[in-house]
Participant: 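For reference, the structure I am asking about is given below.
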Amino acid sequence: MSFLGKNYLIANKAGVKLFDKVKDLPIVDPHNHANVAEIADNNNYDNPWHLFASTDHYVWEVLRKRAVPEKYITGNATPEEKWMKMAEVFPDIAGNPVYEWIHLDLRRYLGIDDILGPDTGKQIWDKASKVLAREDKKPQALLKEIGVEVMCSTDDPLDMLEDHKRIKEMTDEFTIRPTWRPDKAMNIFSKNWADYIDALETRFDTLINSVGELMQVLRISHDYFHECGCRASDHGVARPYSGIASEKDANDAFKTARSGVLLTAKQTDSFMSYLLGEMAELNAEKDWAFQLHCGPVRDVRKFLFDTIGPDAGGDISDHNIDIVTPLIPFLNRFDNRLKVVLYCLEPTHTSTLATISRAFGAKVNLGSAWWLCDTPIGMKRQLEYICSVDLFANFAGMVSDSRKLLSYGSRFEMFRRILCDVVGNMVERGQIPEKIAENLVTKMCYNNPKELFGI
Amino acid sequence: MSFLGKNYLIANKAGVKLFDKVKDLPIVDPHNHANVAEIADNNNYDNPWHLFASTDHYVWEVLRKRAVPEKYITGNATPEEKWMKMAEVFPDIAGNPVYEWIHLDLRRYLGIDDILGPDTGKQIWDKASKVLAREDKKPQALLKEIGVEVMCSTDDPLDMLEDHKRIKEMTDEFTIRPTWRPDKAMNIFSKNWADYIDALETRFDTLINSVGELMQVLRISHDYFHECGCRASDHGVARPYSGIASEKDANDAFKTARSGVLLTAKQTDSFMSYLLGEMAELNAEKDWAFQLHCGPVRDVRKFLFDTIGPDAGGDISDHNIDIVTPLIPFLNRFDNRLKVVLYCLEPTHTSTLATISRAFGAKVNLGSAWWLCDTPIGMKRQLEYICSVDLFANFAGMVSDSRKLLSYGSRFEMFRRILCDVVGNMVERGQIPEKIAENLVTKMCYNNPKELFGI
Amino acid sequence: MSFLGKNYLIANKAGVKLFDKVKDLPIVDPHNHANVAEIADNNNYDNPWHLFASTDHYVWEVLRKRAVPEKYITGNATPEEKWMKMAEVFPDIAGNPVYEWIHLDLRRYLGIDDILGPDTGKQIWDKASKVLAREDKKPQALLKEIGVEVMCSTDDPLDMLEDHKRIKEMTDEFTIRPTWRPDKAMNIFSKNWADYIDALETRFDTLINSVGELMQVLRISHDYFHECGCRASDHGVARPYSGIASEKDANDAFKTARSGVLLTAKQTDSFMSYLLGEMAELNAEKDWAFQLHCGPVRDVRKFLFDTIGPDAGGDISDHNIDIVTPLIPFLNRFDNRLKVVLYCLEPTHTSTLATISRAFGAKVNLGSAWWLCDTPIGMKRQLEYICSVDLFANFAGMVSDSRKLLSYGSRFEMFRRILCDVVGNMVERGQIPEKIAENLVTKMCYNNPKELFGI
């Protein structure tokens, strides 16, 4: 079969037919890290490196694995030098989804079918540069070409969402909604937390002297986000929190931290647990979806963190964390009144999370395979398994989780193909009638996430 | 391929041939939760809901996922109203094995080929009601139709096993043996434990003032079960116990609990560990199989437990439990003198359990994929893996673990098909000669469980 | 398809083509437990049991599972009696890789195509005995026939490596390099540790009164091994160590243990962590590869350990260990300056290890699926997954890890077929261009391990 060809990732006839039904459905992407300002500015991309790799730590990590010096990744080499270094090692990337994504992006949206390697790097650079200079390859045109109907960026409670407003005024071809992501307010252990509370004081023009007052400004922000079209929050934590902690304990922790004293693990936990619980209450009131991204151990590679900082790579997953103890009380507190989406980072957590979703009824949903699992094999194994314990019909749908605009196309194509392969295989094994399968994949790709996220 | 058709679940030719060898073998089901009284009474089922869903918490859980109100699941709606609600959401269940089981039951034993959905719910209800009113669809006739040769129910040590005796006198077309399940005696942490000890005192007409006296009545019960044809015990625990604890510590815990004082975790552990060890000694004496069901975290959804009670759903698995520390001393204590069957609930425990089975020789056996894993993908992944570390020939065989009579058919059909698919695939890949594979699957489906359980 | 036939283990056409490219590449086996003296002596094997089973605890474990008495495994029955007992139960072994390995060995190197069973046991014994008596089936001739170019045995720092030298003088048809394996020096918790330190004193003719002096003799040994062609160390540990401990704490532990006093867990940890760190420094200086085999829980079956001793079976894997906490500081300490190979024993650790390898750049590599995972399904699942997070191009390559000479053939054949099946499947799904895949598998089978290990 040809590389990225018609039946890419689909190994059965029923799957091919299913994909035909869903491939042109509009993209609904309830969680990504879109550069909203870039989309609002709507300038042409400077060069192929900018679009393809400058914001993509998936690319960075695989280049590092091939011993590309940091100068050519996040350093001060020129974009073309970086591109050529990437081209040099690109054949060694084969088998990793980065290899597929980059080639998908080149083929689907730039019309370039060449295979990236040391011999083709320059010609692809030249071709891509030419294409990217065209009017119809500006960010907004690309989003339209990709077929984005609605997507949700990830935004800090401080954000005034001006870029979202600019886009709303410019176009109705697609919608970009914000997502409320209050991690910085919750991460009391971080050395940046104190500054962040200061920033909240400035933004909301008030003093924040207690956890109650902190929740007050967060509620104002939450309300503001709602007015601006936000319908979900997102929470990134190394492990779940129970949401069961007293305001008094949380406030003691707050005051201790504000006074500059280091917290005990117990105090940290009280504060974070309390805050997560109170923020979930805000969501429950407005029927927002509550997205929980739990599991990543961030910034473990000291060399990277010290030289480049966070979100640069050096993140891992850990099979050995306790999900059940904190997550069960949280879900019991909000049972039947909060829409929850649980994302899974680590394949060994899939089964536990699936049984938890199963146990907690209609409002608890599994999200798509995340980050280190958001690959053909990761998605395939997840989808095959979770339907057997939970329901396909309750799956929260694909999200790109990406910082890169073209990902809204290539990642959704990959997901839809894998989904159709998995469901098609079940059709061919006599597990699902064909007609039922058609409705199922259509809903999973389009209707269900729209309904669940209210977007 | 057609839904539930000839090659349902089997994707290779060798597997199809293998299935032809095993599909008509009698059913041997060494572990289920049969309603023995119902079988002894042998009355027609009142209605389709009664037979298909009234006792099946797998069905309940998926209906809850589709937001069916509890009134239509375990509540006071009429059976037909419940059936129609189920029909309404049934297309959304596709992909989950409940979808396959219900349709298998309708097709194989009621002769109804319709696909259940809102449009067909009523007609299936009517057809099924008519079929179930027939003489040849009473419980005993159904068991014969299914091909059950021998099955083992799950029974409390208090049980007089009268229903088993009634059936024995009524028919020799199939055998229903009891299984000794002393969890209530062991669960000293439970608020019902004290009442249970009282009940033992009444049943055995004696005072129970020490753990030694408790073991004496349990031994009487064990002997009685043996006379009644029992050849196995079954133990459900959230985690394994070492079986290494002194009688003195266990007795202290017993006395403390009897005096109404709450036990420490250490005391609870001493008692449970001691009791499990002593009960295993009883099995070793009589060469009974010792079935260990470890892993489930029960009743985590407070809403369900508070409103409906136990065994209603709301159970999960947890990847993050320690199996090795307690299980190794237990297996060493009974090495070479106790037949052990280890059931696996959680896919992340499969590999550890398989290496433990491998390490402890001929008498330690892996049981079939259990509960949340007892699905096409769960069984497939388990079987593919465990043969590579342990041996197919030592596999303890399929058990239905079901509360629903038709499951003795549909669950065994599903298992046999998956087994033939897995082994057939190995034949096609040149890993097993065809003749050897035929013998292997025949033994796994029939001879091995009969021999292992002595039934 | 025929048993062990042309397309054994390969289920797709692209894979068959790929295997054609790699099947005749020389064998590079950077880690095994070769009996170097046997190869240097180069005598004919006494009998088939000697070659096929006498050193292979994989075989022993499956015979035990079929209730073969220990007399016929490691006991004093004659080799022919043992062989016949093995033949008797061999059909029951089908599905386990031992079944494939033994038959591969018979077919590929002895020219015997019979299927081993009770009816064929004697005729295979006779045929095999005849073949093994031939000049061209002596160890060195067999290694040549297998196609071994270079292999690395596993050797104690005490070893004078005389056998390696003898072989070097006898032949240049293949190279056997030593590997430095200092576990006995590090395992301060072992009851044999004190004797081992005494042996080091004797071998190096010096007193060892401190951890510093211990490191001095280990450095001398390390240097000596380097002169003798060693380019890697190997470390077997139940769990990783951080390599972060003070010399003072390590020395206190050393002195306490030398005085015969039992260490606390903390002292043990300090010593082992310190030593592992210092030994890794030696590797970093000489650019040796540092192989970490972590995870096995050894000798858990008391009956085996008490009657036969270590390395006799009774070893398990444990899903429930913490890899991240100790391994991350270790890798940070040696970041960018130590070639590390991480072997995975337990499938539930695969994902964590893969993300760790991904995070730490070019010098950290995943090794082949190990021991209880070194099976068709274990290798397949590992390879499918790790490329999605890490890179195929960074995979450290296959190692046989075997005590049995024929394994250098059969285990590599198995690996290469599985690799080609996995990569071929990705080609057929359009994930990798065919030409790129050819280069990839060639490098993974030959060039990459040679380069990584510098051999």
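Fair warning: this is a prediction, and the values are worked out from it, not measured in the lab. Chain naming here is simple, since letters A, B, ... match the order of the sequence lines and numbering starts at 1 in each. Values below: every heavy atom of this structure, side chains too, minus hydrogens, waters and symmetry copies.
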Participant: For B:Gln123, does the CD atom sit with more than 12 other heavy atoms under 6.0 Å from it, leaving out its own atoms?
Facilitator: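 Counting neighbours around CD of B:Gln123, more than 12 heavy atoms of other residues, nucleotides or ligands fall under 6.0 Å, so yes.
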Participant: Only pairs of heavy atoms separated by less than 4.5 Å count here; which of A:Gln431, A:His349, A:His319, A:Met426 has the most with chain B?
Facilitator: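 It is A:Gln431.
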Participant: Of the backbone (N, CA, C, O) and the side chain (C-beta and beyond), which part of B:Ile377 lies under 4.5 Å from a heavy atom of chain A, both, or neither?
Facilitator: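 Side chain of B:Ile377 only, per the 4.5 Å heavy-atom cut-off to chain A.
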Participant: Would you name the heavy atoms of A:Ala359 and B:Val300 that are closest together and state the gap between them?
Facilitator: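 Looking at all heavy atoms of both residues, the shortest contact is CB-CG2, 4.4 Å.
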Participant: Is B:Arg381 close to chain A through its backbone or its side chain, or both, or neither, when contacts mean heavy atoms under 4.5 Å?
Facilitator: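 When you check distances to chain A, only side chain atoms of B:Arg381 fall under 4.5 Å.
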Participant: Say whether, by atom type as modelled, one donor and one acceptor occur between the side chain of A:Asn332 and the main chain of B:Lys302 under 3.5 angstrom.
Facilitator: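 Between the backbone of B:Lys302 and the side chain of A:Asn332 there is a qualifying donor-acceptor contact (under 3.5 Å).
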Participant: Side chains of A:Cys387 and B:Tyr99, heavy atoms from C-beta outward: is any pair under 4.5 Å?
Facilitator: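 Not touching, per the 4.5 Å side-chain cut-off.
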Participant: For atom NZ of B:Lys17, decide whether the heavy atoms of other residues, nucleotides or ligands shown that lie under 6.0 angstrom number more than 12.
Facilitator: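 No, because the 6.0 Å sphere around NZ of B:Lys17 holds 12 heavy atoms or fewer from other groups.
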Participant: Out of A:Leu331, A:Thr325, A:Thr350, A:Asp390, which one racks up the most heavy-atom pairs below 4.5 Å with chain B?
Facilitator: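 Among A:Leu331, A:Thr325, A:Thr350, A:Asp390, the one with the most close pairs to chain B is A:Asp390.
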Participant: If you count heavy-atom pairs within less than 4.5 Å of chain A, which of B:Val89, B:Leu304, B:Asp421 leads?
Facilitator: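 Winner by heavy-atom pair count: B:Asp421.
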Participant: Can you tell me how far CG of A:Asp322 sits from CD1 of B:Ile321, rounded to the nearest 0.5 angstrom?
Facilitator: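 Output value for this atom pair is 11.5 Å.
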Participant: Work out which heavy atom in A:Val389 is nearest to a heavy atom in B:Asn96; give both atom names and the distance.
Facilitator: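 Taking A:Val389 first and B:Asn96 second, the nearest heavy atoms are O-ND2, 3.7 Å.
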Participant: Crowded around A:Lys450 NZ? As in, over 12 foreign heavy atoms under 6.0 Å?
Facilitator: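 It does: A:Lys450 NZ has more than 12 such atoms within range.
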Participant: Would you sort out whether A:Ile436 and B:Phe3 count as a side chain to side chain contact (heavy atoms under 4.5 Å, CB included), showing the intermediate values?
Facilitator: CA-CA 11 Å; A:Ile436 298 284; B:Phe3 181 53; over 6 Å; no
Participant: What I'd like to find out is whether the side chain of A:Ser351 reaches to under 4.5 Å of the side chain of B:Leu372, using heavy atoms alone.
Facilitator: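 Not touching, per the 4.5 Å side-chain cut-off.
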Participant: Just do the salt bridge (charged side-chain N to carboxylate O under 4.0 Å, His left out) check on B:Asp315 and A:Arg358 with the steps written out, would you?
Facilitator: CA-CA 9 Å; B:Asp315 310 298; A:Arg358 170 197 180 99; over 6 Å; no
Participant: Below 4.5 Å from any heavy atom of chain B, which atoms of A:Lys13 appear? Answer side chain, backbone, both or neither.
Facilitator: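 For A:Lys13, there is no contact with chain B at all, as no heavy atom is under 4.5 Å.
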Participant: Based on non-hydrogen pairs under 4.5 Å, which of A:Asn320, A:Leu440, A:Asn394 is most in contact with chain B?
Facilitator: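 Ranked by contacts with chain B, first place is A:Asn394.
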Participant: Backbone N or O of B:Ser317 within a donor-acceptor pair of the A:Thr355 side chain at under 3.5 Å?
Facilitator: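 Side chain of A:Thr355 to backbone of B:Ser317: a pair is present.
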Participant: Could you check whether any side-chain heavy atom of A:Val324 comes within less than 4.5 Å of a side-chain heavy atom of B:Ile316, counting everything from C-beta outward?
Facilitator: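 Yes, close enough: below the 4.5 Å cut-off.
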Participant: Give me the atom names and distance for the closest heavy-atom approach of B:Ala94 to A:Ile432.
Facilitator: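 Looks like CB-CG2, 4.0 Å.
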Participant: Where on B:Ser2 is there a heavy atom nearer than 4.5 Å to chain A: the side chain, the backbone, both, or neither?
Facilitator: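 The backbone, not the side chain.
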Participant: Please tell me if the side chains of A:Arg429 and B:Asn7 come closer than 4.5 Å, counting only heavy atoms from C-beta onward.
Facilitator: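 Side-chain contact under 4.5 Å: no.
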Participant: Using non-hydrogen atoms only, which part of B:Tyr8 is less than 4.5 Å away from chain A: side chain, backbone, both, or neither?
Facilitator: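 Both backbone and side chain.
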Participant: Would you indicate whether the side-chain heavy atoms of A:Lys443 and B:Asp92 approach each other to under 4.5 Å?
Facilitator: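 Yes, at least one pair of side-chain atoms sits under 4.5 Å.
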Participant: Report which part of B:Ile115 has an atom under 4.5 Å of a heavy atom belonging to chain A: side chain, backbone, both, or neither.
Facilitator: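 Looking at B:Ile115, just its side chain touches chain A.
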Participant: Using non-hydrogen atoms only, which part of B:Asp374 is less than 4.5 Å away from chain A: side chain, backbone, both, or neither?
Facilitator: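 Interface part for B:Asp374: neither.
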Participant: So for A:Glu384, is it side chain, backbone, both, or neither that comes closer than 4.5 Å to the heavy atoms of chain B?
Facilitator: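 Both backbone and side chain.
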Participant: Could you please state which residues from residues 62-75 of chain B sit under 4.5 angstrom from chain A, measuring non-hydrogen atom to non-hydrogen atom, sorted by number, or 'none'?
Facilitator: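 Within residues 62-75 of chain B, the residues that come under 4.5 Å of chain A (heavy atoms only) are B:Val62, B:Arg64, B:Lys65, B:Arg66, B:Ala67.
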